[in-house]
Amino acid sequence: MKCEEIRPLLMAYLDGEIEEEERLEVEKHLSECENCRREYKSFVRLKEVTDNMRFADLSDELWAGYWKGVYRRIERGAGWVFLSIGAIILLAFGGYQFFKELFSDANISWIVKAGISTCAFGAIVLLVSIIRERVFLFKTDRYREVER
Ligand SMILES: [Zn+2]
């Protein structure tokens, strides 16, 4: 094959999108022709550059995905914090209603009242924390099963 016939095939040869017969012709010609070999090398460099550009695009997408993931985690974290605080406030209010009579009883020392309040508050915080943990574990278990 002549150079003019080989040149149009070089790009396809580089991409591996070429018939077996043509591939052998190109390889034979490249081993013999200095000019086409130089042309081919410039194609190889060009391909490297465009491949690198494609990699850069890909990693941009990956970074975007990463930041989306981080944002989602922060968002979820904040959601959980507000939900926990809200639950604690409501349960504390409920607890206060429950112990109202006790609190308004003047015969009971304020130390006992303070002790009961603190214990109740601690129990509420623990309850919310445990529920949250259960929900989280349930969720991760489910994800694991999906992966399996
Ligand atoms: Zn040639």
Side-chain angles (χ1 to χ4, degrees), residues 1-100 102-103 111-148:
M1 278 174 116
K2 289 181 199 147
C3 289
E4 300 85 70
E5 292 173 285
I6 290 295
R7 295 287 166 97
L9 295 174
L10 285 177
M11 211 59 190
Y13 171 73
L14 184 61
D15 289 331
E17 294 160 355
I18 193 168
E19 308 257 326
E20 182 67 16
E21 216 174 298
E22 287 176 325
R23 190 178 67 84
L24 293 173
E25 290 281 353
V26 169
E27 276 170 6
K28 184 165 165 283
H29 186 90
L30 284 178
S31 67
E32 292 163 354
C33 174
E34 172 72 32
N35 281 338
C36 285
R37 204 153 53 223
R38 215 177 299 139
E39 179 85 2
Y40 176 69
K41 274 178 187 162
S42 76
F43 276 146
V44 170
R45 264 195 298 277
L46 187 72
K47 187 175 156 63
E48 272 171 13
V49 171
T50 50
D51 279 358
N52 283 341
M53 268 154 53
R54 232 176 283 151
F55 271 123
D57 287 347
L58 189 73
S59 65
D60 268 0
E61 274 169 36
L62 284 177
W63 276 107
Y66 171 77
W67 283 112
K68 237 183 269 164
V70 168
Y71 174 73
R72 199 164 46 215
R73 238 171 294 151
I74 291 168
E75 205 179 43
R76 297 251 169 99
W80 275 116
V81 167
F82 282 117
L83 193 67
S84 304
I85 290 171
I88 288 166
I89 289 171
L90 289 176
L91 286 168
F93 181 71
Y96 173 74
Q97 295 295 315
F98 187 72
F99 291 110
K100 211 173 185 177
L102 184 114
F103 280 112
I111 290 185
V112 175
K113 287 177 192 168
I116 289 170
S117 312
T118 312
C119 282
F121 190 71
I124 289 164
V125 172
L126 280 178
L127 184 73
V128 169
S129 171
I130 287 166
I131 290 170
R132 209 174 58 177
E133 206 175 72
R134 290 282 142 200
V135 170
F136 179 74
L137 285 177
F138 173 70
K139 234 169 34 186
T140 31
D141 279 353
R142 221 175 33 183
Y143 284 143
R144 258 186 234 129
E145 264 170 43
V146 168
E147 274 170 23
R148 248 186 253 137

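The figures that follow rest on heavy atoms only: side chains count, while hydrogens, waters and symmetry mates do not. Atoms within a ligand are numbered from 1 in the order they appear, just like the ligands themselves.
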Minimum side-chain heavy-atom gap K41-L30 below 4.5 Å: no
My understanding is that only residues two or more places apart in sequence, or in another chain, count here; which of them pass side-chain contact (heavy atoms from CB on, under 4.5 Å) with Q97? F93, K100
Does the side chain to side chain contact (heavy atoms under 4.5 Å, CB included) test come out yes or no for M1 and L9, once each step is laid out? CA-CA 11 Å; M1 278 174 116; L9 295 174; 3.9 Å; yes
Salt-bridge test for R37 and E34: reply yes if a basic N is under 4.0 Å from a carboxylate O, no otherwise. yes
With a cut-off of 2.8 Å, which protein N/O/S atoms are close to the Zn ion (ligand 1), if we only count those under it? C3 SG, H29 NE2, C33 SG, C36 SG
Close side-chain approach of Y40 and V26, heavy atoms under 4.5 Å: no
Approximate separation, where rounding is to 0.5 Å, of E39 CD and I6 CD1: 12.0 Å
